Amino acid sequence: MLRYAEGSESTLQREEGFLEALAARKGIDVVSANQFGGADVEGAYAKSEALLSRYKRPDGSLGVDGIFTPNESTTVAMLRVLESNGWAGKVKFVGFDASDTLVKGLSDAHIDGLVLQDPVNMGYLGVKTMVAHLHGQTVDKRIDTGVRLVARDQMNAPDAAELLHPDLSRWLKP
């Protein structure tokens, strides 16, 4: 796992959830859980390259079976490192967020799955909750805005396609 950045609560929870889920499985060893990629893709690229170079075998293959990245910048950076070293598609890779680059990586079988949030629902529930709060109503401390893991074989399903390619023009009028 390549973490995002120290002090980022949302990604910390993603990272801890990932580690908790793996700890419940026998036979899985996490070889790295303390490296941080940072907020920008170039910095995360350098950290990804340094992290994976430790696991490069003499024949050039990669000595890990799977990789998880908890946000867009670390996922884009890790994808670039995997592609530039010929490792893309040869190691299980699950990332977070959707962008044109990441959707193409999923389509090209360089990424096995993307964890996706629903930005439209997040915005809707955020505004709805703030309005309720401003009107003196009690609001929940935690509101589930939805999340979904989309694998390559699911990416054309209508509900997955809407998350991978949201039609923001419906909501963002000039």
Side-chain angles (χ1 to χ4, degrees), residues 1-119 122 141-155 157 159-160 163-164:
M1 171 176 60
L2 178 65
R3 292 179 180 265
Y4 169 57
E6 292 186 69
S8 172
E9 184 62 27
S10 64
T11 54
L12 173 65
Q13 289 181 19
R14 296 170 195 171
E15 295 155 0
E16 294 306 315
F18 170 75
L19 293 172
E20 185 179 302
L22 287 186
R25 308 284 307 219
K26 294 183 191 248
I28 297 178
D29 295 320
V30 176
V31 296
S32 179
N34 62 354
Q35 300 297 306
F36 293 87
D40 67 276
V41 173
E42 293 311 313
Y45 180 88
K47 298 285 184 147
S48 298
E49 200 167 48
L51 174 62
L52 293 185
S53 70
R54 295 188 301 196
Y55 303 102
K56 186 175 180 178
R57 294 182 176 135
D59 67 359
S61 65
L62 190 58
V64 297
D65 296 320
I67 298 169
F68 173 71
T69 50
N71 76 313
E72 185 178 359
S73 63
T74 57
T75 303
V76 169
M78 187 64 72
L79 174 62
R80 282 181 44 203
V81 169
L82 292 171
E83 289 175 339
S84 65
N85 285 280
W87 298 325
K90 297 177 182 172
V91 59
K92 296 292 181 196
F93 179 29
V94 175
F96 209 100
D97 285 330
S99 67
D100 290 343
T101 299
L102 298 180
V103 172
K104 182 176 182 332
L106 185 64
S107 179
D108 291 346
H110 294 173
I111 298 174
D112 294 285
L114 290 171
V115 180
L116 304 177
Q117 301 174 92
D118 184 341
M122 290 170 75
K141 288 184 178 183
R142 183 182 187 287
I143 298 171
D144 184 353
T145 60
V147 66
R148 175 166 179 194
L149 174 64
V150 175
R152 189 171 30 272
D153 63 345
Q154 304 163 327
M155 65 186 296
D159 57 336
L163 295 176
L164 290 167

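None of these values were measured; they are calculated from a predicted model.
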Contact summary for [X] and [Y], nearest pair of heavy atoms:
| X | Y | value |
| --- | --- | --- |
| Ser73 | Ala44 | O-CB, 3.9 Å |
| Val150 | Met155 | CG1-CA, 3.9 Å |
| Gln117 | Pro119 | O-CD, 3.2 Å |
| Leu106 | Ala151 | CD1-C, 4.2 Å |
| Leu149 | Gln154 | O-OE1, 3.5 Å |
| Pro70 | Arg14 | O-NH1, 2.7 Å |

[X] (side chain) donor-acceptor with [Y] (main chain) under 3.5 angstrom:
| X | Y | result |
| --- | --- | --- |
| Asp112 | Val94 | no |
| Arg152 | Ile111 | yes |
| Ser48 | Thr74 | no |
| Ser8 | Ala5 | no |
| Glu15 | Tyr4 | yes |

Inset, instruction - Taking the side chain as every heavy atom from C-beta outward, state whether Glu6 and Leu12 have any pair of such atoms under 4.5 Å apart. - result: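 Contact flag for Glu6/Leu12 side chains = no.
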Legend entry - Heavy-atom side-chain proximity of Phe96 to Thr69 below 4.5 angstrom: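 Contact flag for Phe96/Thr69 side chains = no.
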Distance from [X] atom [atom1] to [Y] atom [atom2], nearest 0.5 Å?
| X | Y | atom1 | atom2 | result |
| --- | --- | --- | --- | --- |
| Lys47 | Phe36 | NZ | CZ | 9.5 Å |
| Leu102 | Met78 | CG | CE | 12.5 Å |
| Asn71 | Thr11 | CG | OG1 | 6.5 Å |
| Met122 | Ile143 | CE | CD1 | 11.5 Å |
| Asp100 | Leu164 | CG | CG | 10.5 Å |
| Leu2 | Asn34 | CG | CG | 10.5 Å |

Inset, instruction - Go through the steps for Lys90 and Leu62 under the test side chain to side chain contact (heavy atoms under 4.5 Å, CB included), then give the verdict. - result: CA-CA 8 Å; Lys90 297 177 182 172; Leu62 190 58; over 6 Å; no
Legend entry - Full working for side chain to side chain contact (heavy atoms under 4.5 Å, CB included) between Asp97 and Thr75: CA-CA 8 Å; Asp97 285 330; Thr75 303; over 6 Å; no
Inset, instruction - May I ask you to check whether over 12 heavy atoms, not counting those of Asp29, lie within 6.0 Å of atom CG? - result: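 No, not enclosed.
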Inset, instruction - With sequence neighbours left out, write down each residue that passes side chain to side chain contact (heavy atoms under 4.5 Å, CB included) with Asp159, or none if nothing qualifies. - result: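 Listed in chain order: Arg148, Ala157.
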Legend entry - N-O pairing of Glu42 and Arg80 below 4.0 Å: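 Salt bridge present between Glu42 and Arg80.
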Legend entry - Pair Thr145-Asp118, side chain to side chain contact (heavy atoms under 4.5 Å, CB included): steps then yes or no: CA-CA 7 Å; Thr145 60; Asp118 184 341; over 6 Å; no
Legend entry - Working for side chain to side chain contact (heavy atoms under 4.5 Å, CB included), residues Leu82 and Leu52: CA-CA 9 Å; Leu82 292 171; Leu52 293 185; 3.8 Å; yes
